Amino acid sequence: MSTRIAFLKGHGTENDFVIVPDPENAIDLPPAAVAALCDRRAGIGGDGLLHVVRSAAHPEAEAMAAEAEWFMDYRNGDGSIAEMCGNGVRVFARYLQRAGHATEGDLAVATRGGVKTVHLAKNGDVTVGMGRAVLPDGDVTVSVGERSWPARNVNMGNPHAVAFVDDLAHAGDLLSPPPFSPASAYPDGVNVEFVADRGPGHVALRVHERGSGETRSCGTGACAVAVATARRDGADPTATGIPVTYTVDVPGGTLVITERPDGEIEMTGPAVIVAEGEIDADWLEAATSA
């Protein structure tokens with residue numbers, strides 16, 4: 001390993017990421033290293049890390065290499081592995097554009113949640129095809145303090161529990177994962193969204209992301225919220241043939257989510273690269289072994 005490792009910093013609606021370009025999958029990034037890099041006081045700081053690897057060079061993605069040259073090896077801020085991150089995919093695509101690996105137009109990105117289609121627009125927005133939502137059967141409840149709410153179980157390649165509340169302040173500080181039941185609904189933990197109405201086709205959310213705590217935005221969460229809201233409102237595009245679009249306010253900005261008649265969900269929002277530099281490998285090694 002060289003003594004310095006290139007990195008960039010980016011965000012999508014203030015859901016921020018450390019980006020580590022590593023086309024040949026040559027950099028070892030154990031959970032402790034990721035957690036050190038994402039530490040907001042002692043590291044670079046981020047809700048998660050985007051490890052940029054060619055699909056053919058990564059054992060989890062090589063089967064997708066014919067469809068997508070690049071694999072988003074996404075990690076949560078605590079170093080744990082996640083299936084998918086909607087804001088992360090947009091920032092990942094923006095990095096590929098900046099590095100000359102992609103241009104305006106369509107791009108395929110491999111993720112643990114499958115191959116995602118991304119569109120880089122001239123106005124700077126990035127649209128991601130997020131796939132179809134899965135709505136598992138069974139009642140779910142989430143709690144904060146003495147309050148409890150029924151929640152909609154929505155899977156967007158990663159698990160979500162969507163609860164509608166009168167006031168987003170009812171979500172509390174979201175420092176700890178909100179308790180849920182039954183435990184069998186989410187054996188590997190869950191992202192929990194608290195949602196309040198803002199007007200027709202317009203909602204706002206706060207989210208506790210599994211492995212990261214409360215974040216300023218969650219792309220898969222915004223998609224899960226849009227689907228749960230549509231079903232609450234009696235809309236199902238796969239049944240009616242009419243697409244449904246929701247504006248979803250997150251603490252860090254606004255995302256626009258459309259569910260199409262074929263069930264595919266599209267998310268549109270900004271993606272920004274704010275800095276680039278080098279990581280001191282000696283520091284990283286020390287931080288990892290501490």
Side-chain angles (χ1 to χ4, degrees), residues 10-13 15-20 29 31 34 38 46-53 55 58-65 67-96 107-119 126-136 152-162 186-193 205 207-213 215-228 248 250 255 257-259 263-269 271:
H11 77 90
T13 49
N15 194 189
D16 62 334
F17 309 96
V18 179
I19 305 163
V20 179
L29 289 171
V34 174
C38 291
D47 293 321
L49 183 143
L50 306 175
H51 185 206
V52 184
V53 184
S55 298
H58 199 289
E60 292 184 71
E62 56 188 356
M64 295 180 277
E67 297 179 73
E69 180 180 2
W70 296 97
F71 173 54
M72 184 181 76
D73 176 18
Y74 181 68
R75 318 293 182 86
N76 293 315
D78 65 354
S80 59
I81 288 172
E83 302 91 340
M84 182 42 195
C85 176
N87 288 318
V89 172
R90 296 202 320 279
V91 175
F92 188 94
R94 177 69 74 225
Y95 162 74
L96 293 178
L107 167 71
V109 174
T111 76
R112 290 184 178 87
V115 176
K116 305 300 179 184
T117 300
V118 181
H119 182 80
V126 183
T127 298
V128 181
M130 298 289 286
R132 294 173 172 82
V134 175
L135 302 173
R152 189 72 188 243
N153 189 348
V154 183
N155 195 291
M156 286 298 308
N158 56 359
H160 295 267
V162 180
Y186 305 108
D188 299 317
V190 63
N191 305 287
V192 182
E193 288 80 26
L205 70 78
V207 57
H208 181 282
E209 285 199 62
R210 178 184 56 170
S212 296
T215 60
R216 300 285 293 169
S217 180
C218 177
T220 55
C223 293
V225 163
V227 171
V248 181
V250 297
L255 297 167
I257 313 297
T258 297
E259 186 179 11
E264 288 290 325
I265 298 168
E266 294 180 337
M267 174 184 63
T268 299

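Nothing here was measured: the structure is a model prediction, and the numbers come from that model.
Considering CE of Met156 and CD of Glu83, their distance stands at 12.0 Å, rounded to 0.5 Å. Atoms CD and SG, on Glu259 and Cys223 in that order, are 9.5 Å from each other to the nearest 0.5 Å. The CG atom of Asn87 lies 5.5 Å from the CZ atom of Phe17; values are rounded to the nearest 0.5 Å. Between atom CG of residue Leu135 and atom CG of residue Asn153 there is a gap of 8.0 Å, rounded to the nearest 0.5 Å.
Scored by the side chain to side chain contact (heavy atoms under 4.5 Å, CB included) test, Ala61 finds Ser55, His58, Met64, Phe71 as partners (sequence neighbours excluded).
With no hydrogens or angles considered, no side-chain donor-acceptor pair links Thr215 and Asp47 at under 3.5 Å. Using modelled atom types, one finds no donor on one side chain facing an acceptor on the other under 3.5 Å when comparing Asn15 with Thr13.
Annotation for Gly12 and Val91: closest pair N-CG2, 3.6 Å, computed over non-hydrogen atoms. When all heavy atoms are compared, the tightest approach of His160 to Cys218 is CE1-SG, 4.1 Å. The two residues Cys38 and Gly77 make their nearest non-hydrogen contact at CB-O, 3.7 Å.
Residues Val192 and Val207 are not in side-chain contact: their nearest non-hydrogen atoms beyond the backbone lie 4.5 Å or more apart. Between Val20 and Leu49, the closest side-chain pair of non-hydrogen atoms falls below 4.5 Å. Taking 4.5 Å as the limit, every side-chain heavy atom of Ile81 sits out of range of all side-chain heavy atoms of Tyr74. Asp188 has its side chain within reach of Arg210: a pair of non-hydrogen atoms, C-beta onward, lies under 4.5 Å apart. When side chains are defined from C-beta on, Ile265 does not count as touching Thr258, because their heavy atoms never get closer than 4.5 Å. The shortest distance between side-chain heavy atoms of Val89 and Met84 falls below 4.5 Å. Using a 4.5 Å heavy-atom cutoff, the side chains of Glu266 and Val128 are not in contact. With a 4.5 Å cut-off on side-chain heavy atoms, Val52 and Phe92 count as touching.
Ion pairing between a basic and an acidic side chain is recognised when a charged N comes within 4.0 Å of a carboxylate O; Lys116 and Glu67 show no such pairing. Ion pairing between a basic and an acidic side chain is recognised when a charged N comes within 4.0 Å of a carboxylate O; Arg112 and Asp73 show such pairing.
The residue from Asn158, Asn155, Asn191 that alone fulfils the side-chain hydrogen bond (donor to acceptor under 3.5 Å, both in side chains) condition with Thr220 is Asn158. For the side chain to side chain contact (heavy atoms under 4.5 Å, CB included) with Arg90, the qualifying choice from Thr127, Thr268, Leu255 is Leu255, the only one to do so.
Looking at Tyr95, its side chain never comes within 3.5 Å of a backbone N or O of Leu50 through a donor-acceptor pair.
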